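Take a look at the structure below.
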Amino acid sequence: MEFLKKHYEKIALAVVSLMMIATALTLVGRLGFDGSEPPDIKTNRSAAKPLDTNELMQIATLLKNPPSWRTNDGPRPFIPEPWNWNGKELFPNNEPPPTPVVAGDPADELQWWMASRTFPMKFMSVATGVGTNKVFAINPGAGGTRFVRIGDPPIRQLIYGTMEEFTVLRYEEKKVEWFNPAIGAKTVTDVSVLTLQRKSAGVTKEIPLAIGKQVLESEPVARYHSSVTGEQSNELKKGSKFNYKGKTYELVRLDINPPQLIFKDVQTQKEYRRRPRVVQRF
């Protein structure tokens with residue numbers, strides 16, 4: 001006992017050391033560190049599984065023969081518009097690539113916006129009747145569906161804050177037959193047109209409404225803003241001419257879908273194609 005009292009600290013240290021050695025040996029055994037070389041992770045011990053191309057083939061088939069899309073009045077033919085890629089921009093297949101930006105060309109300083117509102121009334125369907133007794137369903141937006149006939153009293157409708165009058169003038173029934181690749185057979189689509197007479201602010205004009213489609217309320221107009229001088233133009237229509245930095249340009253084309261405008265230098269006849277930002281109104 002006297003020995004234990006004199007050498008207590010040494011004995012305790014020895015016991016702790018033995019416990020730590022035993023713990024280390026146990027961990028080595030459990031982790032499998034038996035002195036052998038670790039496996040070579042760079043070696044591919046199993047052959048790669050072949051790529052499943054079935055899904056890719058299905059996608060390619062759908063792209064080649066896309067299904068028809070549907071509206072409230074039945075299926076519509078899907079006619080994809082081919083586009084090209086020149087490495088920088090997409091452009092329609094039947095048009096030349098967009099004009100590249102040339103340093104120092106004043107036309108490249110112009111940033112473009114285009115405005116064109118959609119006409120809120122939409123010809124939905126022929127509800128009932130035959131011949132001159134046909135009843136047509138028109139959806140004027142927030143006002144709910146209206147049922148009208150040729151010869152009815154004028155329809156009063158608020159359009160973009162202005163009360164206007166509309167009269168049903170005529171109905172042209174037309175159907176087209178086309179091949180639907182989704183079903184592998186021919187199908188018929190209704191493309192009939194209901195024409196309204198519109199009176200607004202003393203101006204009378206005709207509005208042809210194709211069934212199930214939204215039409216433009218007015219022809220597109222464009223404006224430009226110079227990123228250099230800060231100059232901003234008035235509303236420009238197709239055929240409008242404008243001057244910028246001593247050069248005269250003419251607005252040749254305005255397309256709303258897809259948005260695109262073309263203007264040219266009157267002196268050199270060089271054309272410029274731009275993708276404008278589309279807004280509802282200026």
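The model shown is predicted, which means the values in this text are computed figures rather than measured ones.
Between Lys238 and Val252, every side-chain heavy-atom pair lies at or beyond the 4.5 Å cut-off. For the pair Ile138 and Met124, the minimum side-chain heavy-atom distance is 4.5 Å or more. Under the 4.5 Å side-chain criterion, counting only non-hydrogen atoms from C-beta, Glu235 is in contact with Arg223. Contact check for Tyr224 versus Leu236: side-chain heavy atoms found under the 4.5 Å cut-off. You'll find the side chain of Arg156 reaches within 4.5 Å of the side chain of Met163, heavy atoms only.
Here the options are Leu209, Asp152, Leu196, the test is side chain to side chain contact (heavy atoms under 4.5 Å, CB included), and the partner is Val168; only Leu196 passes.
Taking NE2 of His225 as the reference point, atom CZ of Arg277 lies at 12.5 Å (rounded to 0.5 Å). To the nearest 0.5 Å, the span separating OG on Ser227 from CG on Leu110 amounts to 7.5 Å. Atoms CD1 and CG, from Ile150 and Asn133 in turn, are 10.0 Å apart once rounded to the nearest 0.5 Å.
At a threshold of 4.0 Å, the pair Asp108-Arg274 counts as salt-bridged, since one of the basic side-chain nitrogens sits closer than that to a carboxylate oxygen. Taking the charged nitrogens against the carboxylate oxygens, Glu206 and Arg170 do have a contact shorter than 4.0 Å, which makes a salt bridge. Using a cutoff of 4.0 Å between basic side-chain nitrogens and carboxylate oxygens, Lys174 and Asp190 are not scored as salt-bridged.
Few gaps surround CG on Asn243; more than 12 heavy atoms of other groups in view lie less than 6.0 Å from it. Lys237 NZ: 12 or fewer foreign heavy atoms inside a 6.0 Å radius.
Heavy-atom minimum distance, Gln260 versus Arg273: OE1-CD, 4.1 Å. Across every non-hydrogen atom of Glu172 and Thr195, the tightest pair is OE2-OG1, 4.2 Å. Nearest approach of Glu165 to Pro154, heavy atoms of both residues: OE1-CB, 4.0 Å. Closest of all the heavy-atom pairs between Pro220 and Leu254 is O-CD1, 3.4 Å. Residue Phe147 comes nearest to Ala137 through the heavy atom pair CE2-CB, 3.8 Å, listed as atom of the first residue, atom of the second, then distance. Listed here is the closest heavy atom pair of Gln197 and Thr204: CG-CG2, 3.6 Å.
Grouping the Ile, Leu, Val, Met, Phe, Trp and Tyr side chains by contacts below 4.5 angstrom, directly or via other members, places Val193 apart from Leu169. The cluster map of Ile, Leu, Val, Met, Phe, Trp and Tyr, joined by side-chain heavy atoms under 4.5 Å apart, puts Tyr171 and Val215 in the same cluster. A single hydrophobic cluster is not seen to contain both Val135 and Met121; linkage of ILVMFWY side chains at heavy-atom distances under 4.5 Å, directly or through other members, places them apart.
Considering only residues two or more places apart in sequence or on other chains, Tyr244 meets the side chain to side chain donor-acceptor pair (under 3.5 Å) condition with Glu109, Ser226. For the salt bridge (Lys or Arg N to Asp or Glu O under 4.0 Å) test, no residue two or more places apart in sequence or in another chain qualifies with Glu173.
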Review point. Stepwise, does the side chain to side chain contact (heavy atoms under 4.5 Å, CB included) test hold for Ile155 with Arg146?
Key: CA-CA 9 Å; Ile155 307 166; Arg146 288 178 177 268; 3.6 Å; yes
Practice item. Apply salt bridge (Lys or Arg N to Asp or Glu O under 4.0 Å) to Glu164 and Arg198, showing your working. Key: CA-CA 7 Å; Glu164 303 184 12; Arg198 177 184 187 182; 2.5 Å; yes
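Residues Asp265 and Tyr272 have side chains that never bring a donor and an acceptor to within less than 3.5 angstrom of each other. Under 3.5 Å, the side chains of Trp178 and Thr189 contain a donor-acceptor pair of N or O atoms. Between the side chains of Gln269 and Lys264, at least one donor-acceptor pair of N or O atoms lies under 3.5 Å. Using modelled atom types and a 3.5 Å distance limit, the side chains of Thr145 and Asn139 yield no donor-acceptor pair.
Ring geometry for Phe136 against Phe123 counts as perpendicular: the plane angle is over 60°, on a 0 to 90° scale with 30° as the lower cut. Taking the six-membered ring for Trp and thresholds of 30 and 60 degrees, Tyr249 and Phe263 have ring planes more than 60 degrees apart, a perpendicular arrangement.
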